[in-house]
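Lettering follows sequence order; numbering is per chain, from 1.
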2 protein chains.
Amino acid sequence: MKDGPDIARIAALIGDPARANMLTALMDGRALTATELSQIAGVTPQTASAHLARLGQGGLIRQRKQGRHRYAELASPEVAGVLEALMGLATTSGHLRRRPGPRDAQLRRARVCYDHLAGEMGTQMFDTMLARGHLFRREDEIVLTEPGSDFTRDFLGPETQTRSRAPLCRECLDWSDRRSHLAGRLGRAMLARMIALGWARRAEGSRVIRFTPDGERQFQALFSS
Amino acid sequence: MKDGPDIARIAALIGDPARANMLTALMDGRALTATELSQIAGVTPQTASAHLARLGQGGLIRQRKQGRHRYAELASPEVAGVLEALMGLATTSGHLRRRPGPRDAQLRRARVCYDHLAGEMGTQMFDTMLARGHLFRREDEIVLTEPGSDFTRDFLGPETQTRSRAPLCRECLDWSDRRSHLAGRLGRAMLARMIALGWARRAEGSRVIRFTPDGERQFQALFSS
DNA sequence: GATATGTTTCGGTTAGCGTCGAAGCATGAA
DNA sequence: TTCATGCTTCGACGCTAACCGAAACATATC
């Protein structure tokens, strides 16, 4: 009686308490590291690793390796929909445990990530450029569109046509905001330009980037949705 | 360990192949006996009995004793909705793609989903009613507009003003089409009316709905965009 | 009553999987 | 380089639950 798709396989994946806790924690769309998920699920990292592998193989989550961390996020909104439907059946009051990022508010606000802007302001810039069509997400890569090229040339100046093999645009997952920001050569150039313009400067002995009041204004003028 | 909604418990219930087959078989809204379900699931009656007890305890099915038979049926349309959502995920994320047989084509074309019309013809009806302004999607609910009320009263007859607490319109995600079709009291009434009019009838032992040539014509006349 | 059929309970076996400790990689920092 | 951290692999243990045979229970029919 193979009347339909194999729902048992997927339901069994959700049916383990540890995995269910992990999936529930991922419901808000953020990406979490394997260790964080192991703590949420109440199991050791080894066990969590096995669970994440199964969830990935089953198509419920996607995993992205970044540095020595490995982030997991729900594979699609459809997965979230199924989880939500299940929660509805379970007649429950959902409680999601939030895991704060860096304690320092300044770090959360704006910091350098290797060589580019991260934190809330980094994700804001990235989101705005995506929304305006300056950047375009194609499969797993980020491409600079024609208007985006005009915009960046305008902002950076014409002499910045470096011809490097490094990717121009890269997506970098934010560890405080759990969303993406712009990395790659363009991300580096954008931050360098902001510092060169005097909008901001790096704090000594820290990754914090301090924007001047005027720099903050200019930034908001350029990247407010 | 803080427990939110216990989705793991419910998912684990669906996660066993035998139980999943049973639930899938119950998706057509009919009530089946324990022995029938045991044959469908491919297990002995003893095993099926244990499974049915667990499903009943978990609130997924209801069981009524009638004579020396014991009938099982899905506990609620919400359960059917969860199963449909799971089928949708299983078709997209399942790396094991089944080759479509002739029976699958019929299922994809028109089938019963708990008590309402699903498949291509179900989504066609839903889309057409949305496009014509008979239905309106507001946030997460579907509302019947004024012209829509006229239309359905015209089609269903004036005596169908049931005053139930069940939602009139509900959206149900189709696993074959990956789009929505109309569920809820109205969805149920629409299908019942089509069968009463002789447009279609349910195939024995399957969820397939067979439209007569004339019924298909009438349907297309009413729901072609 | 006796008999047949549908369903459940009991006992025991087996297989699967969730779990962790220890060790092995991989990557970033000093 | 050396060290530290995050993650994965391996091996083994233990527990749950799915399964069936046999038998008991329930209900309809003769």
Side-chain angles (χ1 to χ4, degrees), chain A residues 6 8-23 31-58 60-73 99 101-102 111-116 118 170 172-175 178 183 205-207, chain B residues 1 6-23 31-58 60-73:
Chain A
D6 192 3
R9 189 171 186 81
I10 292 187
L13 280 177
I14 312 177
D16 176 74
R19 288 193 293 262
N21 283 333
M22 292 178 177
L23 292 170
L32 299 174
T33 70
T35 320
E36 287 172 332
L37 286 169
S38 76
Q39 292 170 348
I40 289 173
V43 294
T44 58
Q46 314 95 290
T47 306
S49 179
H51 283 314
L52 290 173
R54 296 193 113 215
L55 289 174
Q57 186 137 2
L60 295 185
I61 64 170
R62 280 195 335 241
Q63 291 177 281
R64 307 174 48 181
K65 208 163 107 182
Q66 180 144 340
R68 53 183 167 184
H69 293 275
R70 190 153 193 188
Y71 288 90
E73 59 188 356
R99 196 152 262 282
R111 68 176 178 277
V112 64
C113 175
Y114 300 115
D115 53 11
H116 53 270
R170 245 189 61 228
C172 186
L173 205 56
D174 214 284
W175 52 295
R178 294 302 142 76
S206 159
R207 294 182 185 169
Chain B
M1 172 85 48
D6 201 357
I7 69 174
R9 181 176 177 80
I10 293 186
L13 281 176
I14 311 176
D16 176 75
R19 288 194 293 263
N21 283 333
M22 293 177 177
L23 291 170
L32 300 175
T33 70
T35 329
E36 287 172 329
L37 287 169
S38 76
Q39 293 169 349
I40 289 172
V43 293
T44 58
Q46 314 96 291
T47 306
S49 178
H51 283 314
L52 290 173
R54 296 197 63 175
L55 288 174
Q57 187 140 1
L60 294 185
I61 65 169
R62 280 193 333 241
Q63 292 177 281
R64 336 186 299 260
K65 214 158 90 181
Q66 186 161 325
R68 55 181 166 183
H69 294 275
R70 190 154 193 190
Y71 288 91
E73 61 187 356

Heavy-atom donor-acceptor pair, B/Arg19 side chain to A/Ala8 backbone, under 3.5 Å: no
Can you tell me how far apart CD (B/Glu73) and CZ (B/Arg64) are? Round to the nearest 0.5 Å. 5.0 Å
How many angstroms lie between atom CD of B/Gln57 and atom CD of B/Gln63, to the nearest 0.5 angstrom? 10.5 Å
Are there any protein N/O atoms within less than 3.5 Å of an N/O atom in nucleotides 26-30 of chain D, and if so, which ones and at what distance?
from: D/dT27; atom 1: OP1; to: B/Lys65; atom 2: NZ; distance (Å): 3.4

I'd like to know whether B/Leu23 forms a side chain to side chain contact (heavy atoms under 4.5 Å, CB included) with B/Ile61, so could you lay out the CA-CA distance, the side-chain angles of the two residues, the decisive distance to 0.1 Å, and finally the verdict. CA-CA 8 Å; B/Leu23 291 170; B/Ile61 65 169; 3.9 Å; yes
Upstream residue (5' side of DNA chain D) when A/Thr47 and A/His69 are each assigned their closest nucleotide: A/His69
Between atom CD1 of A/Ile40 and atom OG1 of A/Thr33, what is the distance when rounded to the nearest 0.5 Å? 8.5 Å
Would you give a per-nucleotide map of nucleotides 10-16 of chain D, 5' to 3', where B means the base has a protein non-hydrogen atom under 4.0 Å away, S means only the sugar-phosphate does, and - means neither? -------
Drop me the distance from A/Glu36's CD to A/His69's NE2, to the nearest 0.5 angstrom. 8.5 Å
Side chain to side chain contact (heavy atoms under 4.5 Å, CB included) between B/Ile10 and B/Ile14: does it pass, once the steps are laid out? CA-CA 7 Å; B/Ile10 293 186; B/Ile14 311 176; 4.2 Å; yes
Near-strand residues of residues 48-58 of chain B, defined as heavy-atom separation under 4.0 angstrom from DNA chain C: B/Ser49
Spatial distance of atom CZ (B/Arg54) from atom CG (B/Leu60) [nearest 0.5 Å]: 11.0 Å
Expressed in angstrom and rounded to an integer, what is the separation of B/Gln39 atom CD from D/dC19 atom C1'? 17 Å
Does OP1 or OP2 of D/dG6 have a side-chain N or O of A/Arg70 closer than 4.0 Å? no
Atom OH of B/Tyr71 to atom C1' of C/dG6: distance rounded to whole Å? 11 Å
Which pair of non-hydrogen atoms, one from A/Leu37 and one from A/Ala72, has the smallest distance, and what is that distance? CD1-CB, 3.9 Å
CG-CD distance between A/Asn21 and A/Gln39, expressed to the nearest 0.5 angstrom: 13.5 Å
Is A/Arg70 reaching over with its side chain to a backbone N or O of A/Ala34, donor-acceptor style, under 3.5 angstrom? no
How many Å lie between CD1 on A/Ile14 and C1' on C/dG18, as a whole number? 17 Å
Once you round it to whole Å, what is the distance between P of C/dG16 and CG of B/Asp16? 13 Å
OP1 or OP2 of C/dC20 sitting under 4.0 Å from any side-chain N/O of A/Thr44? yes
How many whole angstroms separate atom CG of B/Asn21 from atom P of D/dC19? 10 Å
